[in-house]
Amino acid sequence: MGGYATWIKTPGRAASAQFQVLKPKKDYRALYLGAYKDIAQLKVIAINEGLQVVLEDNIQFDRDLPEFGTQGGIHTHRDKLTVTSPVLMWVKALDIILDRLKSSGFNFGKVRALSGSGQQHGSVYWKNGARDQLRHLNADLPLHSLLEACFSVADSPIWMDSSTSAKCHHLEEAVGGPQELANITGSRAYERFTGNQIAKMFHQKPEIYLQTERISLVSSFAASLFLGDYAPIDYSDGSGMNLLNISEKTWSEICLDTCAPNLKERLGSVVPSNSVLGSVSPYYADRYGFSRECRIVAFTGDNPASLAGMRLQQGDIAVSLGTSDTLFLWIQDPTPALEGHIFCNPVQHQDYMALLCFKNGSLMRERIRDECASGSWEIFSQALASTPPGNSGNVGFYFEAMEITPQAVGVHRFNADSRKVSEFPKDVEIRALVEGQFMAKRIHAERLGYKIRKGRQND
């Protein structure tokens, strides 16, 4: 394929109930199919050999599968901490979207390879005996009816869950502290990370754990559906579990043993993110007309897929400015810290990627825009341009909500003499906000191992 397809989320694009077919100038003989499952939707995209998009479609879980009773694709439990999503909803969404494409005349026989991505940290629990069912699917029946009895946990914990604080503390203590856990797995213990979710499952419902023969991530679960067998977890998505030794690319025995007994056999092997796993299950050849030679490439998490999809290279940084700001970095010599995450790189598995999240993003910028620029981005930009780089020594840190990186709250202003002051002139305030936010991003990126390349300091 000359690389691998990823499931691509299109920010800001309105969901469409019908797929779009884009006519390429040339009739290519090979197609590559990608899929992306986030919280609220399942999306597919097909490209040709010229990398032109020829088809897009999506299933909105709330709209198209109302029988599962989700809001935003999730179930928020009474404790407001536990957040889950129905596994069969995801499977049924795949049925619907493939049936719709087949009805439209899409030629699955042209698809040479497919891959995808899914929301990180979520986990799927396959019941004892599920593998045999997965290997012997009846093409006359929809997938969701065939797999209905295959899951020991009907609602999967997802990344929004924050109910595992006690398990996080226990894991950090077991390995020698949060920094040691970060040194091993790339991150200190986080409530949403899969290892802590598994630990909660084992301690609260040990009988369910004993009924489980395989635990997949959302990404490897989706790959398993297409493969007709349990797909391995890839290095990059596996880095978001607090279980993988990111240096050795193997499961950490101490982390596994701390979370649950016999966990290694339930997780299976780990593989590079660009591994070809095998050919598509005969189920899809018989039901939809896929070529039996269609290759399945390992699926990965949505954050690693973003780094791959943006084609970042060593030394590059990508910044996503949203409600929360996110930083993606390609690095070679990581220095794991208590803030931020280090994952195995999805493109070059001997390298790494760093991920930093900042909660105070666009909402903080909009607040200062409203206070200092009459709600106008044009006035905001003019004020920013009117002040010198460095802001004449005035520095500000703006955290309206409790920040993730670092843990801090409040607005803190310092003048050129490093004295704390209560306010700045409006134009100084605007530059202090922008420079403060990006200075924080650079500082934390360098702490994780990012190095400013020679000749780039003043870019």
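No hydrogens, no waters, no symmetry mates; every other heavy atom, side chains included, goes into these values. Numbering starts at 1 and runs along the sequence shown. For clarity, every value in this text was computed on a predicted model and none was experimentally measured.
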inquiry  = Applying side-chain contact (heavy atoms from CB on, under 4.5 Å) to I233 and W251, what does each step give before you reach the verdict?
reply    = CA-CA 11 Å; I233 293 171; W251 299 120; 4.1 Å; yes
remark   = The reported gap from CG in N303 to CG in L355 (rounded to nearest 0.5 angstrom) is 5.0 Å
query = Between R100 and N58, is there a donor-acceptor pair closer than 3.5 Å when you use the side chain of the first and the backbone of the second?
reply = yes
query = Is it true that the side chains of N245 and S252 contain a donor and an acceptor less than 3.5 Å apart?
reply = no
query = For Q71 and D62, does a side-chain donor sit closer than 3.5 Å to a side-chain acceptor?
reply = no
Short side-chain donor-acceptor distance under 3.5 Å, K420 and H412 = yes
inquiry  = Run the salt bridge (charged side-chain N to carboxylate O under 4.0 Å, His left out) test against R266 and tell me which residues pass, sequence neighbours left out.
reply    = none
Can you give me every donor-acceptor pair (side chain of residues 421-429, partner residue at least two apart or in another chain, under 3.5 Å) with its distance?
residue: E429; atom: OE1; partner: Y398; partner atom: OH; Å: 2.6
residue: E429; atom: OE1; partner: R413; partner atom: NE; Å: 2.9
residue: E429; atom: OE2; partner: R413; partner atom: NE; Å: 3.4
residue: E429; atom: OE2; partner: R413; partner atom: NH2; Å: 2.9

key: R419 side chain reached by F414 side chain, heavy atoms, under 4.5 Å   = no
key: Near-ring test H341/Y190, centroid separation under 6.0 angstrom   = yes
request  = Decide whether T185 and N242 meet the rule of one side-chain donor and one side-chain acceptor closer than 3.5 Å.
outcome  = yes
task = Could you check if a side-chain atom of L448 sits within less than 4.5 angstrom of a side-chain atom of P334, using non-hydrogen atoms only?
result = no
query = What distance do Q60 atom CD and K43 atom NZ have between them, rounded to the nearest 0.5 Å?
reply = 10.0 Å
F299 side chain near F221 side chain, heavy-atom distance below 4.5 Å = no
key: Expected output: side-chain S376 to main-chain E378 donor-acceptor under 3.5 Å   = yes
ask   = Under 3.5 Å, is there a donor-acceptor pair between the W126 and S152 side chains?
value = no
key: Side chains of D234 and V270 in contact at under 4.5 Å (non-hydrogen atoms)   = no
N/O donor-acceptor pair under 3.5 Å between E148 side chain and L88 backbone = no
inquiry  = Heavy-atom count check: over 12 atoms from other residues, nucleotides or ligands less than 6.0 Å from Q313 CD?
reply    = no
inquiry  = Between T82 and D79, do the side chains contain a donor N or O and an acceptor N or O under 3.5 Å apart?
reply    = yes
message = Going by the rule salt bridge (charged side-chain N to carboxylate O under 4.0 Å, His left out), which residues pair with E213 if we only count those two or more places apart in sequence or in a different chain?
response = none
F380/L433 under side-chain contact (heavy atoms from CB on, under 4.5 Å): CA gap, chis, key distance, verdict = CA-CA 11 Å; F380 184 99; L433 166 71; 4.2 Å; yes
inquiry  = Is the shortest side-chain heavy-atom distance between H75 and V83 below 4.5 Å?
reply    = no
inquiry  = Within the 4.5 Å heavy-atom criterion, are P157 and S123 side-chain neighbours or not?
reply    = yes
key: E446: salt bridge (charged side-chain N to carboxylate O under 4.0 Å, His left out) partners, not counting sequence neighbours   = R442
key: Aromatic ring proximity, centroids under 6.0 angstrom, F193 and W159   = no
key: From CA spacing to verdict: side-chain contact (heavy atoms from CB on, under 4.5 Å), I74, M160   = CA-CA 9 Å; I74 64 173; M160 295 174 70; 3.9 Å; yes
message = Tell me whether S224 contacts the main-chain N or O of A231 through its side chain, where contact means a donor paired with an acceptor under 3.5 Å.
response = yes
note = Distance col, row Y235:OH vs T250:OG1, nearest 0.5 angstrom, shows 9.0 Å
inquiry  = I'd like to know whether M353 forms a side-chain contact (heavy atoms from CB on, under 4.5 Å) with I342, so could you lay out the CA-CA distance, the side-chain angles of the two residues, the decisive distance to 0.1 Å, and finally the verdict.
reply    = CA-CA 6 Å; M353 66 171 284; I342 303 292; over 6 Å; no
message = Please give me the minimum heavy-atom distance between F358 and H444, naming the atom from each residue.
response = CE2-CD2, 4.1 Å
task = Please check if any side-chain donor atom of R192 sits under 3.5 Å from a side-chain acceptor atom of Q120, or the reverse.
result = no
ask   = Do L307 and P346 come within less than 4.5 Å of each other through their side chains, counting heavy atoms only?
value = yes
message = If we ignore hydrogens and angles and just use 3.5 Å, is the side chain of S156 paired with the main-chain N or O of V87 as donor and acceptor?
response = no
key: Donor-acceptor contact below 3.5 Å, side chain D95 vs main chain H144   = yes
query = Is a side-chain N or O of R431 found less than 3.5 angstrom from the main chain of N391, in a donor-acceptor match?
reply = no
message = Rounded at 0.5 Å granularity, tell me how far CD1 in I158 sits from CD in Q119.
response = 5.0 Å
query = Can you tell me if E180 uses its side chain to pair, donor with acceptor, with the backbone of E172 under 3.5 Å?
reply = no
query = Looking at N360, I368, V409, which hits side chain to side chain contact (heavy atoms under 4.5 Å, CB included) with E400?
reply = N360
ask   = So, the side chain of D257 versus the backbone of I254: is there a donor-acceptor pair under 3.5 Å, distance only?
value = no
message = Would you say D237 and T300 are linked by a side-chain donor-acceptor pair, where the criterion is simply a distance under 3.5 Å?
response = no
key: Residue pair T258 / A174: nearest heavy atoms and the distance that separates them   = OG1-CB, 3.5 Å
task = Could you list the residues that satisfy salt bridge (charged side-chain N to carboxylate O under 4.0 Å, His left out) with E339, not counting sequence neighbours?
result = none
key: Partners passing side-chain contact (heavy atoms from CB on, under 4.5 Å) against M439 (at least two apart in sequence or in another chain)   = V395, F397, I443
ask   = Can you find a pair of side-chain heavy atoms, one from L356 and one from T326, that are under 4.5 Å apart?
value = no
remark   = Nearest heavy-atom approach of A260 to I198 is CB-CG2, 4.2 Å
inquiry  = For E67, is the CD atom crowded, meaning more than 12 foreign heavy atoms sit under 6.0 Å from it?
reply    = yes
remark   = Nearest heavy-atom contact between S392 and A416 is O-CB, 3.5 Å
ask   = Short question: side chain of T335, backbone of R447 - any donor-acceptor pair under 3.5 Å?
value = yes
ask   = Among side-chain atoms of S163 and D161, is any donor-acceptor pair under 3.5 angstrom?
value = yes
message = If I take atom CE from residue M89 and atom CZ from residue F68, how far apart are they, to the nearest 0.5 angstrom?
response = 7.0 Å
task = Drop me the distance from E191's CD to L81's CG, to the nearest 0.5 angstrom.
result = 7.5 Å
Mutual orientation of the aromatic rings belonging to Y209 and F202 [parallel < 30°, tilted 30-60°, perpendicular > 60°] = perpendicular
